[in-house]
K.L.:
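Quick one: the structure is below, questions incoming.
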Amino acid sequence: MYFHKPRHGQRIPASEITSRQVYDARRDWLKTAGALGLTGLGLSAAVQAQTAGPGKLAKLPGVKSTVAGATVMEKLTAYKDVTSYNNFYEFGTDKSDPAENAHTLKPRPWSVVIEGECAKPGRFGLEDLLKVAPMEERVYRLRCVEGWSMVIPWVGYSLSELLKKAEPTGKAKYVEFTTLADKAQMPGVRSGVLDWPYVEGLRIDEAMHPLTLMAFGLYGEVLPNQNGAPLRLVVPWKYGFKSAKSIVKIRFVEKQPVSSWTKAAQQEYGFYSNVNPTVDHPRWSQATERRIGEDGLFAKRRPTLMFNGYEAQVGQLYAGMDLKKNY
Ligand SMILES: Nc1nc2c(c(=O)[nH]1)N[C@H]1C(S)=C(S)[C@@H](COP(=O)(O)O)O[C@H]1N2
Ligand SMILES: [Mo]
């Protein structure tokens, strides 16, 4: 059985190594939003530069985010790489499996149950979830625990916007996320590689942090299935596996949830999973990373940054904690 094979990434076929396909276009944003019927969402008229998508899926533009740390000024990873080099074990364990197999996922209709320690639990349809807050574009690094990273222009809003609608009680110390596990749509769920459904958790203050993103799109379009359609988390300062895809349930809980990865290998994947170059994975160093799309023979690995580069924004959440113990 393979858990995050460490040298997996060296097998990227040359065909995936593409040049940058980014067009920083200034769009007639209101026209686009109007066509989508999004103008009633309280979007500001301060139209910002958007990242144009490849025109493959339905448009989902976002205004440029003003959240601190939400716009990494690094070259974007090409759409082709973002959508063809994935971890989504419900569709297989190879990086190419999700792009090949995820066409059987049906992201519409979709709903999410919000329950547990909150005053207003309920089931929310995707159309309502899309309208909880204005869509923002946020350029985040995503670093996998395996030692590769990407820079992706996500579209979504702070998870806190959704969570506060449910009015969590004082007992809501953690938030547990459960994702779809349907054998009919997801061939990988027939394998025992993980204990399905995929479950992840955050402490309530991590979940409420403005950088924690409920993402519905990337590159100005709705999420491709292989990236976790129709909605996924993106927690940019934590290893990629915390960013649960295709979420169906959000539960406020008093006790720390047990994630699927912790169940699979407790000594390798702790609850916090903050990106930390000084804490090695038991089987490999976490000091450096390979940026997908920079895989030439002479491409250097990049040094991994504390909290994936978001220390200024999130370091305070962990003040006084021993991050070697709380890995
Ligand atoms: N449901 C689900 N979510 C998941 C995973 C998964 O296997 N299943 N893999 C995680 C891991 S290990 C990573 S690195 C990121 C990868 O996101 P991406 O493929 O969109 O880049 O998704 C995370 N979310
Ligand atoms: Mo990962």
Side-chain angles (χ1 to χ4, degrees), residues 2-6 8-9 12 16 76-102 105 107 110 112 140-156 176-182 185-189 191-202 213-219 222-250 259-265 268-269 273-275 281 283-284 286 289-293 304 308:
Y2 302 108
F3 298 115
H4 281 105
K5 286 172 279 184
H8 210 176
I12 311 185
E16 285 184 21
L76 300 181
T77 303
Y79 183 85
K80 186 171 183 294
D81 291 329
V82 172
T83 57
S84 63
Y85 188 87
N86 301 103
N87 273 333
F88 198 168
Y89 277 19
E90 287 84 340
F91 293 101
T93 54
D94 277 355
K95 295 289 175 281
S96 55
D97 286 342
E100 253 164 58
N101 299 330
L105 176 69
W110 195 275
V112 175
Y140 284 170
R141 295 182 200 89
L142 181 143
R143 189 199 189 276
C144 178
V145 73
E146 295 166 321
W148 50 269
S149 63
M150 301 195 191
V151 176
I152 301 172
W154 300 102
V155 181
E176 181 184 82
F177 304 89
T178 305
T179 78
L180 185 71
D182 179 1
Q185 297 178 61
M186 304 170 131
V189 172
S191 89
V193 66
L194 282 176
D195 185 7
W196 313 110
Y198 193 101
V199 170
E200 262 304 341
L202 294 171
L213 185 70
M214 190 80 261
F216 297 84
L218 55 80
Y219 269 96
V222 298
L223 285 172
N225 288 356
Q226 59 268 37
N227 293 89
L231 79 168
R232 65 171 292 170
L233 270 183
V234 186
V235 193
W237 68 96
K238 292 180 183 276
Y239 291 120
F241 60 85
K242 278 271 163 183
S243 295
K245 295 175 164 181
S246 305
I247 291 171
V248 292
K249 189 162 57 169
I250 299 177
S259 75
S260 297
W261 281 109
T262 301
K263 269 193 202 168
E268 304 195 0
Y269 308 111
S273 309
N274 289 319
V275 175
H281 183 280
R283 292 185 281 138
W284 60 87
Q286 292 290 30
E289 66 201 54
R290 187 171 59 86
R291 180 64 50 83
I292 300 301
T304 286
N308 205 24

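Both counts, for ligands and for their atoms, begin at 1 and track the order of listing. None of these values were measured; they are calculated from a predicted model.
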K.L.:
N87 to ligand 1: N or O pair under 3.5 Å?
P.N.:
yes
K.L.:
Charged N to carboxylate O below 4.0 Å: is that the case for E146 and K95?
P.N.:
yes
K.L.:
Answer side chain, backbone, both or neither: which part of K242 comes under 4.0 Å from ligand 1, heavy atoms only.
P.N.:
neither
K.L.:
I'd like the name of whichever of W261, Y198, F91 reaches closest to atom 5 (C) of ligand 1 through any heavy atom.
P.N.:
Y198
K.L.:
Are Y85 and W148 an aromatic pair by the rule of ring centers under 6.0 Å?
P.N.:
yes
K.L.:
Closest heavy-atom contact between I247 and I250?
P.N.:
CG2-CG1, 4.0 Å
K.L.:
Flag T179 as yes when one of its N or O atoms lies below 3.5 Å from any N or O atom of ligand 1, and as no otherwise.
P.N.:
yes
K.L.:
Y198 and Y89: aromatic ring centres closer than 6.0 Å?
P.N.:
no
K.L.:
Do S246 side-chain atoms and A229 backbone N/O form a donor-acceptor pair below 3.5 Å?
P.N.:
yes
K.L.:
Near S243, which atoms of ligand 1 are under 4.0 Å from a heavy atom of that residue?
P.N.:
22 (O), 23 (C), 24 (N)
K.L.:
Please say whether W154 places an N or O atom under 3.5 Å from an N or O atom belonging to ligand 1.
P.N.:
no
K.L.:
With a cutoff of 4.0 Å, is S246 in contact with ligand 1, counting heavy atoms of the residue only?
P.N.:
no
K.L.:
Which one holds for M150 and ligand 1: side chain close, backbone close, both close, or neither close, with close meaning a heavy atom under 4.0 Å?
P.N.:
neither
K.L.:
Once the angle between the rings of F88 and F91 is folded into 0 to 90°, is it parallel (under 30°), tilted (30 to 60°) or perpendicular (over 60°)?
P.N.:
perpendicular
K.L.:
Which is it for F88 and ligand 1 at heavy atoms under 4.0 Å: side chain, backbone, both or neither?
P.N.:
both
K.L.:
For the residue pair L213 and G156, what are the closest heavy atoms and their distance?
P.N.:
CD1-C, 3.6 Å
K.L.:
Counting both backbone and side chain atoms, is some N or O of K245 under 3.5 Å from an N or O of ligand 1?
P.N.:
yes
K.L.:
Should you measure from each heavy atom of C144, which atoms of ligand 1 turn up under 4.0 Å away?
P.N.:
14 (S)
K.L.:
Given N86, T77, D81, which has its nearest heavy atom closest to atom 21 (O) of ligand 1?
P.N.:
N86
K.L.:
What is the minimum heavy-atom distance between Y219 and L76, and which atoms define it?
P.N.:
OH-CB, 3.5 Å
